[in-house]
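Working notes, structure below.
Remember, it's a predicted structure, so these values are computed and weren't measured experimentally.
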Amino acid sequence: PLTLAVIRSLIVEVDGEPYGLPLAHVTRTLVLPRASIDLLEGHQHFAFEGRRLGIVTAHQILRSGTFETASDTLNVVVIGQGAASYGVVVDRFLGERMLVVQPLDKRLGKVPTIAAGALMENGDPLLIADLDDWLRAVEKLVVDGELGRVSSGTARVVTAARKRVLVVDDSLTVRELERKLLVGRGYDVTIAVDGMSMSVITRSKRSL
């Protein structure tokens with residue numbers, strides 16, 4: 001018999017990819033006017049329930065692309081408790097879902113900022129965030145003085161040179177989960193179903 005872990009999650013979009021944020025660790029969701037963000041002691045803050053919370057983009061936490069928007073409002077998820085609370089800017093809110101947790105392959109080890117995988121109703125895979133890791137990542141950015149700014153509409157993220165990885169697996173779900181994990185870590189990923197399609201991809205890349 002199988003034991004299934006089901007969690008209710010907020011689905012958000014970051015750099016074109018969906019992520020599940022367990023609602024048990026989400027304090028509040030906000031649509032925040034950009035004008036309400038202030039710069040204090042070199043860090044950006046906004047008012048929340050009588051106190052000031054620091055704000056960062058999910059792009060910087062996940063090291064995934066660059067956050068850009070022309071909108072006058074920001075989609076913000078408040079995570080953490082008490083003094084250890086922060087606002088995290090995401091691209092879009094996609095709603096709430098009950099997600100069946102799909103543990104990641106143990107050979108991957110502990111993937112930073114990611115807890116597990118799951119499948120959407122249409123079969124598309126998504127990653128479930130480890131929000132404790134998100135908080136630790138934000139606190140490290142604060143300590144290192146690398147917290148990006150969102151007031152200008154662009155949070156610059158320093159990205160290392162992209163290494164190329166080929167993922168070969170006959171399971172669509174496994175391929176997509178591995179692709180998302182590797183792209184999130186900054187790799188240039190090519191996927192293939194089997195050795196035959198892998199050889200076709202290799203030949204086509206050589207011809208470019």
Least distance between heavy atoms, [X] atom then [Y] atom:
X      : Y      : value
Val12  : Phe93  : CG1-CD2, 4.0 Å
Leu119 : Leu126 : N-CD2, 4.1 Å
Ile7   : Pro22  : CD1-CG, 4.0 Å
Val14  : Ala58  : CG2-CB, 3.8 Å
Val26  : Thr29  : CG1-CG2, 4.3 Å
Pro18  : Leu94  : CB-CD1, 4.3 Å

If we only count heavy atoms from C-beta on, is the [X] to [Y] side-chain gap below 4.5 Å?
X      : Y      : value
Gln60  : Leu141 : yes
Leu10  : Val77  : yes
Val138 : Ile61  : yes
Gln102 : Ile128 : no
Trp134 : Val88  : yes
Arg8   : Arg97  : no
Asp188 : Leu182 : no
Asn75  : Val89  : no

If you draw a 6.0 Å radius around NZ in Lys110, do more than 12 non-hydrogen atoms from other residues or ligands fall strictly inside?
yes
**Message:** Could you check whether atom CD of Glu49 has more than 12 heavy atoms from other residues, nucleotides or ligands sitting under 6.0 Å from it?
**Reply:** yes
Practice problem: With side chain to side chain contact (heavy atoms under 4.5 Å, CB included) as the test, would you mind laying out the steps for Leu131 and Leu21 before giving the verdict? | Solution: CA-CA 7 Å; Leu131 293 186; Leu21 310 186; 4.0 Å; yes
Without swapping roles, check the side chain of [X] against the backbone of [Y] for a donor-acceptor pair under 3.5 Å.
X      : Y      : value
Arg51  : Gly82  : yes
Ser9   : Ile11  : no
His45  : Leu53  : no
Asp133 : Thr113 : yes
Asp91  : Asp15  : yes

From [atom1] ([X]) to [atom2] ([Y]), nearest 0.5 Å:
X      : Y      : atom1 : atom2 : answer
Ile114 : Leu127 : CD1   : CG    : 4.5 Å
His25  : Ile79  : NE2   : CD1   : 10.5 Å
Leu135 : Gln81  : CG    : CD    : 9.5 Å
Leu177 : Asp105 : CG    : CG    : 10.5 Å
Asp124 : Asn122 : CG    : CG    : 4.0 Å

Residues at least two apart in sequence or cross-chain that pass salt bridge (Lys or Arg N to Asp or Glu O under 4.0 Å) with Arg175, listed by chain then number, are none
If you group Ile, Leu, Val, Met, Phe, Trp and Tyr by side-chain heavy-atom gaps below 4.5 Å, do Val174 and Tyr187 land in one group? no
- Residues Glu13, Tyr19; criterion side chain to side chain contact (heavy atoms under 4.5 Å, CB included); working and verdict: CA-CA 6 Å; Glu13 183 179 297; Tyr19 290 86; over 6 Å; no
**Request:** Could you go through the side chain to side chain contact (heavy atoms under 4.5 Å, CB included) check for Phe46 and Leu74 one step at a time?
**Result:** CA-CA 12 Å; Phe46 65 98; Leu74 301 170; over 6 Å; no
| message | Going by side-chain hydrogen bond (donor to acceptor under 3.5 Å, both in side chains), name the residues that satisfy it together with Ser36, two or more places apart in sequence or in a different chain. | response |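 Partners of Ser36 by the side-chain hydrogen bond (donor to acceptor under 3.5 Å, both in side chains) criterion come out as none, since no residue qualifies.
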Gln44/Val56 under side chain to side chain contact (heavy atoms under 4.5 Å, CB included): CA gap, chis, key distance, verdict
CA-CA 8 Å; Gln44 290 186 308; Val56 65; over 6 Å; no
Applying salt bridge (charged side-chain N to carboxylate O under 4.0 Å, His left out), run through Glu176 and Arg179 and close with a yes or a no.
-> CA-CA 5 Å; Glu176 276 298 295; Arg179 182 188 67 80; 3.0 Å; yes
